[in-house]
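Working notes, beginning with the structure itself.
Start at 1 with the first residue, then count along the sequence. Source: prediction; values computed, not measured.
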Amino acid sequence: MMESTEVVAAEISNLIVNTQTMTLATPNSAGVPEASMASFIYEATSHQFYTAVNMLSPHTTHLAAKKPTAIMIVGDEQGAGAR
């Protein structure tokens, strides 16, 4: 029987593997979060997320300035049953 942390880790891994889009949020100069959808690649060995941002995107400036960054990955709700 898997421990509860192992179950959660497996569910998170499954979510990441089966999702292609995340919400990327970075704070602007006033500290207000700016969010947008972004495709990503996940490298499981290093637990790193990679995304491409346009040089005109405010996210590029925020990321270059090493501002705090948040991502949100949401699974497809269609067909998701109650647990």
Side-chain angles (χ1 to χ4, degrees):
M1 185 169 157
M2 282 205 260
E3 295 290 327
S4 61
T5 55
E6 292 171 322
V7 171
V8 171
E11 288 184 15
I12 290 170
S13 179
N14 187 47
L15 174 65
I16 292 169
V17 167
N18 291 302
T19 306
Q20 298 175 355
T21 307
M22 67 179 172
T23 301
L24 174 67
T26 56
N28 65 20
S29 59
V32 177
E34 295 185 12
S36 62
M37 301 299 287
S39 298
F40 71 89
I41 297 171
Y42 179 70
E43 203 291 302
T45 305
S46 64
H47 304 289
Q48 296 289 312
F49 288 85
Y50 296 91
T51 189
V53 290
N54 184 307
M55 293 303 291
L56 299 175
S57 167
H59 293 303
T60 303
T61 305
H62 306 160
L63 293 168
K66 299 186 182 206
K67 292 191 174 189
T69 302
I71 65 169
M72 180 174 66
I73 299 172
V74 178
D76 182 10
E77 292 181 10
Q78 227 174 355
R83 292 184 182 192

Checklist entry - How far apart are the closest heavy atoms of Asn28 and His62, and which atoms are they? => result CA-NE2, 3.5 Å
With a cut-off of 3.5 Å and sequence neighbours excluded, list every side-chain donor-acceptor pair involving residues 35-42.
from, atom 1, to, atom 2, distance (Å)
Ser36, OG, His59, NE2, 2.8
Tyr42, OH, His47, ND1, 2.8

Checklist entry - For the side chain of Thr69 and the backbone of Thr26, is there at least one donor-acceptor N/O pair under 3.5 Å apart? => result no
Checklist entry - So how far is it from Ser29 OG to Glu34 CD, rounded to the nearest 0.5 Å? => result 8.0 Å
Could you list the donor-acceptor pairs under 3.5 angstrom formed between side-chain atoms of residues 15-22 and any protein atom two or more places apart in sequence or on another chain?
from, atom 1, to, atom 2, distance (Å)
Asn18, ND2, Asn14, O, 2.8
Asn18, ND2, Asn14, OD1, 2.6
Thr19, OG1, Leu15, O, 2.6

